[in-house]
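Note sheet for the following structure.
Every chain is numbered from 1, with letters handed out A, B, ... down the list of sequences.
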Amino acid sequence: MRQKKQRLAVAEQQQSPPDMAQMPSPKEPRLGPPVTLGPQRSIYFSSPKSHPPRLGSEFFDQPAVLLAQAFLGQVLVRRLADGTELRGRIVETEAYLGPEDEAAHSRGGRQTPRNRSMFMKPGTLYVYIIYGMYFCMNVSSQGDGACVLLRALEPLGGLETMRQLRTSLRKGTSSRAVKDRELCSGPSKLCQALAIDKSFDQRDLAQDEALWLERSPLGPTRSAVVAAARVGIGQTGEWAQKPLRFYIRDSPWVSVVDREAEQENRTEQRACSDKNF
DNA sequence: AGATGGATACCCT
DNA sequence: GGGTATCCATCTG
């Protein structure tokens with residue numbers, strides 16, 4: 001009981017009410033997000049020179065597998081109600097392909113109130129509750145019912161706030177300090193660390209004021225991306241085996257490493273380079 | 001390794 | 001409507 005209250009208290013503290021998030025308050029001006037929002041375009045912000053550009057809807061409009069790979073290295077930014085910015089580099093993702101994918105919530109074309117955002121336009125957030133107590137954050141991609149799950153971040157900024165969020169949202173009473181590696185190394189951990197909850201469901205990552213993606217100058221090289229089986233979706237079925245999880249090789253921030261897949265990826269690459277690649 | 005926790009989907013009156 | 005099995009995880013011992 002006490003934990004539940006704690007959880008709510010933190011959520012209220014960090015979370016701005018929807019109306020406040022939408023309307024700029026005249027008496028309390030806030031720093032704007034990296035680029036202007038709204039339908040009207042400005043040539044000033046389309047210039048490649050403007051500061052770290054926010055990734056727009058074109059970025060999200062690609063097939064789930066490509067989007068899952070393109071996410072790697074990009075920086076996710078969360079701005080809390082008090083203006084604090086939390087940032088992390090995406091190091092691990094999973095692709096869910098839509099109706100044909102037996103491991104996807106949208107398998108068989110199932111559409112329910114919960115997974116509605118999977119069918120919305122690319123860039124739409126799909127946040128769902130798992131095991132009754134955790135959140136997972138997905139981003140809709142091109143393809144009906146297809147999306148990408150964000151599984152791990154390398155924390156870059158706002159670590160102390162992340163630690164606080166992770167500590168206060170944890171269930172146990174143990175007051176052991178949360179290590180840096182434990183801040184965002186899992187789909188629900190990163191949601192806790194960035195204070196992302198169900199209220200983000202159906203929001204647009206290309207437009208939202210509290211959450212956005214910044215292009216990183218250096219992405220991982222092709223050989224630094226490991227393709228492995230997805231986590232936690234059972235052992236059976238062809239879809240459980242498919243290499244639809246992607247992570248940055250040797251990153252200490254990844255949630256689950258798959259040595260076997262890393263080995264296989266390497267031999268595949270060698271085979272490619274042998275064939276004059 | 002085992003317990004946890006509750007929303008959700010799905011089946012059944 | 002109600003009952004139940006399941007669930008893309010985390011924490012602790």
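Scored by the side-chain contact (heavy atoms from CB on, under 4.5 Å) test, A:Q62 finds A:F59, A:L66, A:L67, A:A70 as partners (sequence neighbours excluded). Applying the side-chain hydrogen bond (donor to acceptor under 3.5 Å, both in side chains) rule to A:T84 yields the partners A:D82; only residues at least two apart in sequence or on another chain are considered. Every residue was checked against the side-chain hydrogen bond (donor to acceptor under 3.5 Å, both in side chains) condition with A:S251, not counting sequence neighbours, and none meets it. Contacts of A:R222 classified as salt bridge (Lys or Arg N to Asp or Glu O under 4.0 Å), with partners at least two apart in sequence or in another chain: none. Scanning for side-chain contact (heavy atoms from CB on, under 4.5 Å) contacts around A:A224 gives A:P220, A:T221, with sequence neighbours left out. A:R163 meets the side-chain hydrogen bond (donor to acceptor under 3.5 Å, both in side chains) test with A:E160, A:D180; sequence neighbours excluded. In this structure A:D204 satisfies the side-chain hydrogen bond (donor to acceptor under 3.5 Å, both in side chains) test together with A:K121, sequence neighbours excluded.
Distance from the side chain of A:M133 is smallest for C:dA9 among the nucleotides C:dA9, C:dC8, C:dC11. Relative to the side chain of A:H105, the nucleotides C:dC11, C:dC8, B:dT8 differ in distance, and C:dC8 lies closest.
Distance, A:L149 CG to C:dC7 C1': 14 Å, rounded to whole Å. The CG-C1' distance, from A:N138 to C:dA9, rounds to 14 Å in whole Å.
In DNA chain C, consecutive stretches of 3 or more Watson-Crick or G-U wobble pairs with both distances under 3.5 Å are given as paired ranges: B:1-4 with C:9-12, B:6-12 with C:1-7.
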Listing, residues 256-266 of chain A side-chain donor-acceptor contacts under 3.5 Å, not counting sequence neighbours, or none:
residue	atom	partner	partner atom	Å
A:D258	OD1	A:E260	N	3.3
A:D258	OD1	A:A261	N	3.0
A:R259	NH1	A:E262	OE1	3.1
A:E262	OE2	A:Y247	OH	2.6
A:N265	OD1	A:A227	N	2.7
A:N265	ND2	A:A227	O	3.4
A:N265	ND2	A:A261	O	3.0

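A heavy atom lying under 4.0 Å from DNA chain C marks the following residues of residues 94-104 of chain A, by number: A:Y96, A:A103, A:A104. The stretch residues 108-130 of chain A touches DNA chain C through A:Y128, A:I130, each having a heavy atom under 4.0 angstrom from the strand.
Here ring-ring contact (aromatic ring centres under 6.0 Å, His included) pairs that include residues 99-122 of chain A, with residues two or more places apart or in two chains, are A:H105-A:Y126, A:H105-A:Y128.
Here the side chain of A:T93 pairs a donor or acceptor atom with the backbone of A:A68 at under 3.5 angstrom. The closest donor-acceptor contact from the side chain of A:R166 to the backbone of A:L183 lies under 3.5 Å.
Taking only side-chain nitrogens and oxygens, A:R166 never comes nearer than 4.0 Å to OP1 or OP2 of C:dT10.
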